[in-house]
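Report on the following structure.
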Amino acid sequence: MNRIQMEPSVLSRSRMMGKKTVNSRRIMAAVMVIVMLAALTGCVGKEDTQTRKKNKVVEIPMILTVDSSTGNKNEEEVVERFNRAYKGKYHIDVDWVMETEEEYRKNLKRMNVTDELPAIITDLRMLPSFYQMMIKKGRIEDLTPYINEDQEWKDMIEPSVMESVREEDGKIYLAPVSTAAFACSGVFWNRELFEQAGISRFPETWEEFWECCEKLKAAGITPLALHTEGTAWAAMLLATAEVAGSKEGAAFMKQLYPDTYQNEPGLEIAGTLKKLFQYTTKDALHNDFDVAHDNFVAGNAAMIPNGYWMIDQIPEEMQKKVCFSTFPENKLIGSPETFGWAVVSTYSEKVKKGAVEFLKFRTKLNKEQKEELLNSRTRQEGTLLDDYLKAYTGNPQIVPNYQVKWNSLLQEDVLGECLAELAQGKITEQEFTQAEDESIRQFEEEQ
């Protein structure tokens with residue numbers, strides 16, 4: 001799953017210079033107001049912190065990101081509701097940071113080395129080898145006893161979600177969400193651009209998908225918003241969804257740490273990746289998901305693969321012309337374990353107990369949100385959200401997310417470096433899969 005990061009809009013230099021004399025006093029006044037408000041806010045924050053310390057409120061540190069495209073604080077609702085519900089007992093103390101997912105994950109590794117991890121960490125399952133290391137070294141709590149002894153909590157969790165977070169030995173280290181309903185990815189597409197190319201619906205087969213790309217391209221419309229950095233998320237969603245159409249490909253996508261990519265499914269994925277980059281923007285290479293997102297929102301591309309969470313990242317005025325569909329052949333990609341959060345073991349028992357209480361609260365809120373969304377009385381026909389819910393409830397084939405199955409060296413290095421070369425024809429599909437296999441050897445040596 002991908003949160004986006006982009007530069008905030010600013011006034012052009014010519015506009016600023018043109019009104020400099022007229023507005024100088026207003027600008028100075030506005031700056032003074034902002035400074036005063038910031039100072040007051042800081043004082044209030046310090047007073048709140050001092051009051052909590054005086055009342056012996058258990059502080060639970062956490063790091064969460066800010067979506068710079070909207071200014072929204074990710075997961076703010078669950079944090080605020082928990083802090084209100086447990087006021088005077090527990091308090092989630094969030095450090096809000098402006099980072100991409102990839103930056104956040106890299107910082108997790110750094111903070112682990114310097115022993116600066118917060119009490120609750122997210123996105124851990126998106127780093128398969130790092131996650132396994134954290135388990136082996138006892139860096140994260142075994143949550144199995146907490147969940148098994150709390151029937152209310154267990155009953156909130158869908159069986160498929162519970163199974164996804166359970167390790168081979170039966171233990172659970174990631175507190176799960178309630179449902180997989182918010183964990184799936186498909187394709188967002190611009191209805192107006194499709195209509196301009198004479199296309200009335202989203203393609204139902206992969207043959208139709210490639211024909212759709214050709215029609216869009218012939219009409220002067222860039223079909224796909226893609227990127228190569230950040231594990232090449234958008235392109236990889238399409239390539240792995242297509243390979244899962246065969247029995248061998250579906251089995252391949254279920255493998256944890258495949259022992260080779262020089263096989264039929266691996267070569268098919270490489271071939272699809274190379275083909276996809278014939279239909280994307282010129283700035284797709286060596287850029288991350290934020291560039292692809294910007295291109296789609298600006299109307300520079302007709303399709304972008306991503307998950308449920310992107311609905312809130314699409315400007316309201318654009319949502320009317322954006323639709324959501326499953327991948328061709330009625331597939332969605334999802335791994336609900338990626339939404340599980342962990343508790344760091346080095347904290348005091350009081351902090352860990354509060355952290356676990358927060359994770360249960362999150363599961364409960366997630367269950368309530370699912371029930372509200374699936375309630376036919378609250379659903380609005382024809383909305384982007386309704387599109388997603390129809391896709392999710394339409395009995396799709398769920399393809400596992402490659403990010404929780406493949407080694408981190410392949411994802412961080414091979415996809416970032418070799419995919420651009422593959423897209424430009426500098427290396428062949430065979431050479432690409434050879435690089436993937438070399439990452440397996442290096443990964444095993446580092447274990």
Side-chain angles (χ1 to χ4, degrees), residues 101-110 112-113 123-140 167-169 173 227-244 246-277 285-286 288 333 335 337-338 399-447:
E101 277 191 341
E102 187 174 15
E103 289 168 338
Y104 170 81
R105 294 167 194 160
K106 286 181 178 178
N107 282 331
L108 281 184
K109 295 180 179 180
R110 176 187 57 78
N112 180 57
V113 172
D123 276 27
L124 188 55
R125 195 59 185 86
M126 304 295 277
L127 301 164
S129 57
F130 182 64
Y131 167 63
Q132 293 298 327
M133 181 275 290
M134 294 288 279
I135 292 175
K136 290 177 182 177
K137 294 192 174 182
R139 295 286 286 160
I140 53 177
E167 295 300 309
E168 290 183 1
D169 61 2
Y173 295 91
H227 57 104
T228 57
E229 298 296 321
T231 80
W233 170 252
M236 285 296 297
L237 287 175
L238 286 164
T240 54
E242 183 174 30
V243 79
S246 68
K247 184 178 179 180
E248 295 78 12
F252 180 77
M253 289 309 304
K254 291 179 181 179
Q255 290 182 36
L256 179 62
Y257 299 145
D259 54 12
T260 183
Y261 292 85
Q262 295 186 69
N263 49 30
E264 189 172 337
L267 287 167
E268 182 180 344
I269 290 173
T272 299
L273 287 171
K274 184 175 182 178
K275 190 174 181 180
L276 286 169
F277 279 87
L285 303 184
H286 307 296
D288 210 330
I333 289 180
S335 293
E337 66 268 33
T338 61
V399 180
N401 179 353
Y402 70 97
Q403 289 180 320
V404 302
K405 298 293 185 181
W406 295 2
N407 77 72
S408 55
L409 289 178
L410 188 158
Q411 295 187 50
E412 295 168 8
D413 297 336
V414 177
L415 291 178
E417 296 172 8
C418 297
L419 180 53
E421 295 182 345
L422 176 69
Q424 296 173 92
K426 294 180 179 180
I427 61 173
T428 65
E429 291 91 327
Q430 289 78 11
E431 290 171 323
F432 182 77
T433 57
Q434 287 169 10
E436 290 178 306
D437 278 12
E438 177 61 19
S439 77
I440 297 173
R441 185 188 64 77
Q442 293 177 6
F443 175 75
E444 290 175 345
E445 288 179 354
E446 292 181 6
Q447 300 310 299

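Count residues from 1 along the sequence. Values below: all heavy atoms of this structure, side chains included; hydrogens, waters and symmetry mates excluded. Small disclaimer: the values here were computed from a predicted structure and weren't measured.
Separating the CG atom in L273 from the CE atom in M236 is a distance of 6.0 Å, to the nearest 0.5 Å. Once rounded to the nearest 0.5 Å, the distance linking CG of L256 with CG of N407 reads 10.0 Å. Taken to the nearest 0.5 Å, the NZ atom of K405 stands 9.0 Å off from the NZ atom of K254. Between the OG1 atom of T231 and the CG atom of D288 there is a distance of 8.0 Å, given to the nearest 0.5 Å. Remark: M134 CE to N112 CG distance equals 4.5 Å, nearest 0.5 Å. In this structure, the separation between CG on L419 and CG on L276 is 9.5 Å, given to the nearest 0.5 Å.
The shortest heavy-atom contact between L422 and K274 is O-CG, 3.7 Å. Residues S439 and V414 come closest through the heavy atom pair CB-CG2, 3.8 Å. Taking both residues in full, the closest heavy atoms of E431 and T428 are given as OE1-N, 2.8 Å, listed atom of the first, atom of the second, then distance. In terms of heavy-atom proximity, E248 sits nearest to P265 at O-CG, 4.1 Å. Scanning all heavy atoms of the two residues, the minimum distance from Q403 to P128 falls at O-CG, 3.3 Å. Taking all atoms of both residues into account, the shortest heavy-atom contact from R441 to E445 is NH1-OE2, 2.5 Å.
The aromatic rings of Y261 and W406 stand perpendicular to each other, their planes meeting at an angle above 60°, with 30° marking the opposite boundary.
Atom CD of E264 has 12 or fewer heavy atoms from other residues, nucleotides or ligands within 6.0 Å.
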Could you walk me through whether D413 and Q442 satisfy the side chain to side chain contact (heavy atoms under 4.5 Å, CB included) test, starting with their C-alpha distance in whole Å, then the side-chain angles of each, then the deciding distance to 0.1 Å, before giving a yes or no?
CA-CA 11 Å; D413 297 336; Q442 293 177 6; 5.6 Å; no
Could you go through the side chain to side chain contact (heavy atoms under 4.5 Å, CB included) check for L415 and L410 one step at a time?
CA-CA 6 Å; L415 291 178; L410 188 158; 4.0 Å; yes
Give the C-alpha distance, both sets of side-chain angles, the deciding distance and a yes or no for side chain to side chain contact (heavy atoms under 4.5 Å, CB included) between I333 and Y402.
CA-CA 9 Å; I333 289 180; Y402 70 97; over 6 Å; no
Evaluate the side chain to side chain contact (heavy atoms under 4.5 Å, CB included) criterion for residues S129 and F443: first the C-alpha distance (whole Å), next the side-chain angles of each, then the deciding distance (0.1 Å), finally the verdict.
CA-CA 9 Å; S129 57; F443 175 75; 3.1 Å; yes
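A donor-acceptor contact shorter than 3.5 Å links the side chain of T228 to the backbone of H286. Judged purely by atom type and a 3.5 angstrom limit, S246 uses its side chain to pair as donor or acceptor with the backbone of G249. Remark: the backbone N or O of A239 is not paired with any side-chain donor or acceptor of E242 at under 3.5 angstrom. Side chain of E438 to backbone of Q434: no donor-acceptor contact under 3.5 angstrom is found.
With N401 as the partner, the side-chain contact (heavy atoms from CB on, under 4.5 Å) test is satisfied by one option alone out of M126, M253, E337: M126.
Residues satisfying the side-chain contact (heavy atoms from CB on, under 4.5 Å) criterion with T260, sequence neighbours excluded, are Q262, N263, D437.
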